[in-house]
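Everything below concerns the one structure shown next.
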Amino acid sequence: LIFIEDAPRKVNTKFGEREVIGVQVKENKYSLWLSREGLKRLVYKLLENYGSLKGLKVELEEAGKAGRAYNYKARVLEK
């Protein structure tokens, strides 16, 4: 997937404030909701390392489950 926004944005929903970022998979654009803490942590770690996510091409993979929490791994394909 390729990030098409610089950073996640906060959106108010009926479930409270949630974070979302725009991504592109092949030719289709999607909103990636950062509802899982492991995924949110990973996206913010990428943001810290690269400064901006826009144009960053990554491969995301679920790295297993620890109790109720999911863990994720990212492999950066190109900047």
Cluster check Leu39, Val25: I/L/V/M/F/W/Y, side chain < 4.5 angstrom: yes
Straight-line distance of [X] [atom1] to [Y] [atom2], nearest 0.5 Å:
X	Y	atom1	atom2	value
Ile4	Ile21	CD1	CD1	9.0 Å
Tyr72	Glu37	OH	CD	11.0 Å
Leu56	Asp6	CG	CG	11.5 Å
Ile2	Lys29	CD1	NZ	10.5 Å
Glu19	Lys40	CD	NZ	4.5 Å

Would you say that [X] contacts [Y] through its side chain, given a criterion of any heavy-atom pair below 4.5 Å between the two side chains?
X	Y	answer
Pro8	Tyr44	yes
Val76	Tyr50	yes
Tyr70	Glu62	yes
Val20	Arg9	yes
Tyr30	Gln24	no
Leu53	Leu46	yes
Leu42	Leu60	yes
Ser31	Val11	no

N-O pairing of Glu61 and Arg75 below 4.0 Å: no
Heavy-atom pair of closest approach, residues Ala7 and Leu47: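 Closest approach of Ala7 to Leu47, heavy atoms only: CB-CD2, 4.0 Å.
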